[in-house]
Amino acid sequence: VFGKDINLILVLSNLSSDRKSVRVDMSASTILYTRRAVAEILKAATSVELGPKQGKHIRVKIPYTHYGKYLTTDKRIQVTALCEVMRTHGLKLLVEKTIILEDTNIIIKLPRRVVVNKAVTLEISYANPLPEPVSRCVLLVTLMNQQVKINLARLAPRERSKIYFEFTPRRAGPLQLQVDFSCDKFSHVKGFVTIAVAPA
């Protein structure tokens, strides 16, 4: 989840009956959706001895403090591990994983029934998932082809807050509501719901 430390486990297994010595070079970078690297956030190397038919786990931790300021709005991190089996004429294996960090920031609560030409109040809750305060918070609400910009108070670390948004639907049928939350540390955290508007 965005804002938290990332914990990964690399599993190495020796399927042969010989002892193996493996060198592992690990790296991680924030990337765009096109896979183009933005910034390297982790570089580490270790060596592992594997007995016959033995497996071992290598734990890797990427703290939020390492990746936070380099993350793009795509919220993607590419992790690679180059595993080289020593004394085997350069036998190598490359393992890659792309991590897409999830947002759990926006929660939209609707009343049980929404009727045309009757005022509706929605509850929109938003959060700061980071271990540091954020300021210049803005919520952009898009509904019925109109945008409403709402300036919000700063949020303490890991704080969740909410606002109430009132509107009156003018026609029956599905209505899409989109919410976009931005602040000084991250931007464009989105949430949306489809509202079923009943006839009067």
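We number each residue from 1, following the sequence as shown.
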Report the C-alpha distance between Ile58 and Val48 in whole Å, list the side-chain angles of each, state the deciding distance to 0.1 Å, and finish with yes or no for side-chain contact (heavy atoms from CB on, under 4.5 Å). CA-CA 9 Å; Ile58 298 174; Val48 179; 3.6 Å; yes
Apply side-chain contact (heavy atoms from CB on, under 4.5 Å) to Ser21 and Glu49, showing your working. CA-CA 5 Å; Ser21 180; Glu49 293 292 326; 2.9 Å; yes
Going through the distances and angles, do Asp18 and Ser16 end up as a side-chain hydrogen bond (donor to acceptor under 3.5 Å, both in side chains)? CA-CA 5 Å; Asp18 301 324; Ser16 75; 4.6 Å; no
What verdict does the side-chain hydrogen bond (donor to acceptor under 3.5 Å, both in side chains) test give for Gln78 and Ser29, after you've listed the backbone C-alpha separation in whole Å, the side-chain angles of each residue and the deciding distance to 0.1 Å? CA-CA 5 Å; Gln78 178 91 25; Ser29 297; over 6 Å; no
Intermediate values then yes/no, side-chain contact (heavy atoms from CB on, under 4.5 Å), Lys69 and Phe186: CA-CA 9 Å; Lys69 61 184 174 187; Phe186 55 87; over 6 Å; no
I would like to know whether Leu143 and Phe167 meet side-chain contact (heavy atoms from CB on, under 4.5 Å); could you show each step before the answer? CA-CA 9 Å; Leu143 181 69; Phe167 75 100; 3.4 Å; yes
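Side-chain contact between Val197 and Val115 is absent, with no heavy atoms from C-beta onward closer than 4.5 Å. Contact of the Ile9 side chain with the Val60 side chain is not registered, since no non-hydrogen atoms from C-beta on lie closer than 4.5 Å. Between Arg158 and Pro131, some side-chain heavy-atom pair lies under the 4.5 Å cut-off. With contacts defined as side-chain heavy-atom distances shorter than 4.5 Å, the pair Leu50/Leu12 qualifies. Within the 4.5 Å cutoff, no side-chain heavy atoms of Ile77 are placed close to those of Ile31. Taking 4.5 Å as the limit, some side-chain heavy atom of Phe165 sits within range of a side-chain heavy atom of Val148. Contact annotation: the side chain of Leu175 approaches that of Met144 to within less than 4.5 Å [non-hydrogen atoms, C-beta and beyond]. Taking 4.5 Å as the limit, some side-chain heavy atom of Leu82 sits within range of a side-chain heavy atom of Lys92.
In terms of heavy-atom proximity, Val24 sits nearest to Ala81 at CG1-CB, 4.3 Å. Between Ser161 and Leu155, the closest heavy-atom pair is CB-CD2, 3.9 Å. The heavy-atom pair separating His188 from Ser182 by the smallest distance is N-OG, 3.0 Å. Summarising the geometry of Val79 relative to Ile62, their closest heavy-atom pair is CG2-CD1, 4.3 Å, with the distance given to 0.1 Å. Across all non-hydrogen atoms, the minimal contact from Thr121 to Pro111 is O-CD, 3.7 Å. For the pair Pro133 and Lys185, the tightest heavy-atom approach, listed with the atom from each and the gap, is O-NZ, 3.4 Å.
For Ala39, the side chain to side chain contact (heavy atoms under 4.5 Å, CB included) partners are Thr30, Tyr70, not counting sequence neighbours. Every residue two or more places apart in sequence or in another chain that forms a salt bridge (charged side-chain N to carboxylate O under 4.0 Å, His left out) with Arg35 is listed here: Glu96. Scanning for side chain to side chain contact (heavy atoms under 4.5 Å, CB included) contacts around Pro63 gives Asp5, Thr65, His66, with sequence neighbours left out. Every side chain to side chain contact (heavy atoms under 4.5 Å, CB included) that Leu140 has, sequence neighbours left out, goes to Gln147, Lys149, Asp180.
Members clustered with Phe192: none, using a 4.5 Å side-chain heavy-atom cutoff among hydrophobic residues. Chaining together hydrophobic side chains whose heavy atoms lie under 4.5 Å apart places Val38 alongside Leu32.
Judged by distance alone, the side chains of Ser125 and Arg160 do bring a donor and an acceptor atom under 3.5 Å apart.
With rounding to the nearest 0.5 angstrom, the CG atom of Leu177 is 5.0 Å from the CD1 atom of Ile108. In this structure, CG in Leu15 is found 10.0 Å from NZ in Lys20, a value given to the nearest 0.5 Å. Distance check, rounded to the nearest 0.5 Å: OH of Tyr33 to CD1 of Ile100 gives 13.0 Å. To the nearest 0.5 angstrom, Arg23 atom CZ is 9.0 Å from Thr46 atom OG1. In this structure, OG in Ser47 is found 6.5 Å from CE in Met86, a value given to the nearest 0.5 Å. Rounding to the nearest 0.5 Å gives a distance of 8.5 Å between CG of Asn7 and CZ of Arg59.
Looking only at distances, a side-chain donor or acceptor of Asp184 sits under 3.5 Å from a matching main-chain atom of Ser135. Proximity of a side-chain donor or acceptor of Asn151 to a complementary backbone N or O of Val138 within less than 3.5 Å is not detected.
Around the CD atom of Gln146, the shell of radius 6.0 Å holds no more than 12 heavy atoms that belong to other residues, nucleotides or ligands. Other residues, nucleotides and ligands contribute at most 12 non-hydrogen atoms within 6.0 Å of the NZ atom of Lys118.
Using cut-offs of 30° and 60° for the angle between ring planes, the Tyr126 and Phe181 rings count as tilted.
Ile195 is connected to Ile163 through a chain of hydrophobic side-chain contacts under 4.5 Å among Ile, Leu, Val, Met, Phe, Trp and Tyr, so both are in one cluster.
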